[in-house]
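FYI, the numbering just counts along the sequence from 1.
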Amino acid sequence: MQWVKDGLVVSGEQLAHAWGLTRQALAPAAERGEVFAVKIGNRLYYPQAFLDLDRETVATVCRALGDLGASEKLMFWLREHGALGGRGIAVALDAGVAVAKVERLAAAWARERGATRVAAAA
């Protein structure tokens with residue numbers, strides 16, 4: 001899949017290593033809505049942007065995306081957003097944009113796409 005070749009998604013092993021976890025620890029986090037993975041072939045991949053952020057920031061934004069499908073969540077993470085000065089999520093956060101602002105943007109994105117369950121943004 002092109003996302004893997006382009007480095008836009010990474011394996012669970014890579015993410016777990018970056019966060020100092022075991023790969024098995026990612027499954028409960030996904031069940032809690034703190035991360036998500038896209039299935040490509042028979043493997044799960046996570047947005048590469050997660051590598052640059054701490055777990056709590058990722059969890060806050062992912063929870064705000066509610067029950068959207070994984071591919072819609074991935075589009076949110078990959079897209080450059082006008083509300084963030086035309087930057088992607090990780091770049092904007094790295095540049096000092098408040099997590100609460102990104103969380104509100106994520107909740108709005110989810111509502112616009114018909115999520116039935118959206119976390120209340122701060």
Side-chain angles (χ1 to χ4, degrees):
M1 174 56 122
Q2 198 62 41
W3 289 339
V4 178
K5 286 183 196 158
D6 292 346
L8 298 175
V9 293
V10 298
S11 69
E13 291 84 2
Q14 285 175 277
L15 180 59
H17 178 75
W19 283 354
L21 301 171
T22 64
R23 189 175 54 78
Q24 292 76 14
L26 292 174
E31 289 169 18
R32 291 188 302 269
E34 297 170 2
V35 296
F36 68 91
V38 289
K39 192 167 188 173
I40 301 172
N42 61 355
R43 295 196 60 196
L44 294 175
Y45 291 88
Y46 298 83
Q48 184 275 336
F50 288 6
L51 296 177
D52 300 326
L53 301 169
D54 67 82
R55 287 171 46 201
E56 195 50 47
T57 298
V58 169
T60 298
V61 176
C62 285
R63 281 192 297 261
L65 289 168
D67 61 359
L68 283 180
S71 60
E72 289 179 299
K73 289 179 181 183
L74 181 62
M75 287 302 110
F76 176 80
W77 281 91
L78 294 178
R79 187 168 177 258
E80 293 174 345
H81 297 272
L84 301 176
R87 296 174 291 197
I89 301 303
V91 171
L93 289 166
D94 193 48
V97 171
V99 174
K101 180 174 183 171
V102 176
E103 182 183 15
R104 286 191 299 274
L105 180 64
W109 172 274
R111 279 192 301 276
E112 287 170 8
R113 281 150 187 79
T116 55
R117 185 183 54 76
V118 176

Same cluster for [X] and [Y] if Ile/Leu/Val/Met/Phe/Trp/Tyr side chains link at under 4.5 Å?
| X | Y | result |
| --- | --- | --- |
| W109 | V91 | no |
| L78 | L65 | yes |
| L15 | L44 | no |

Grab the two heavy atoms, one from [X] and one from [Y], that are nearest each other, plus how far apart they are.
| X | Y | result |
| --- | --- | --- |
| A64 | A110 | O-CB, 3.9 Å |
| L26 | G12 | CD1-O, 3.4 Å |
| E72 | R113 | OE2-CB, 3.8 Å |
| A90 | A49 | CB-CB, 3.8 Å |
| A70 | F36 | O-CE1, 3.5 Å |
| Q14 | L51 | O-CD2, 3.8 Å |

Got a donor-acceptor contact below 3.5 angstrom from the [X] side chain to the [Y] backbone?
| X | Y | value |
| --- | --- | --- |
| K101 | A83 | yes |
| W19 | L53 | yes |
| R79 | M75 | no |
| K73 | G66 | yes |

Any heavy-atom pair between the side chains of [Y] and [X] that's under 4.5 Å?
| X | Y | value |
| --- | --- | --- |
| F76 | H81 | yes |
| L93 | V102 | yes |
| Q48 | V10 | yes |

Query raised in the report: Taking only residues at least two apart or on different chains, which pairs with a member in residues 3-15 satisfy salt bridge (charged side-chain N to carboxylate O under 4.0 Å, His left out)?
Result: E13-R23, E13-R43

Requested in this report: Answer yes or no: are there more than 12 heavy-atom neighbours, outside R55 itself, under 6.0 Å from its atom CZ?
Outcome: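 Result for CZ/R55: open.
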
Report summary line: Here the gap from E103 atom CD to R63 atom CZ, rounded to the nearest 0.5 Å, amounts to 8.0 Å

**Report entry** Spatial distance of atom CG (D52) from atom CD1 (I89) [nearest 0.5 Å]
**Finding:**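 With rounding to 0.5 Å, CG (D52) is 13.0 Å from CD1 (I89).
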
Query - Verdict with supporting geometry, V9 and L74, side-chain contact (heavy atoms from CB on, under 4.5 Å) - result: CA-CA 9 Å; V9 293; L74 181 62; 4.1 Å; yes

Query raised in the report: Checking side-chain contact (heavy atoms from CB on, under 4.5 Å) for the pair R87/V97: CA distance, chi angles, key distance, verdict?
Result: CA-CA 10 Å; R87 296 174 291 197; V97 171; 3.4 Å; yes

Query raised in the report: Mind checking whether Y45 and F50 have ring centres under 6.0 Å apart?
Result: no

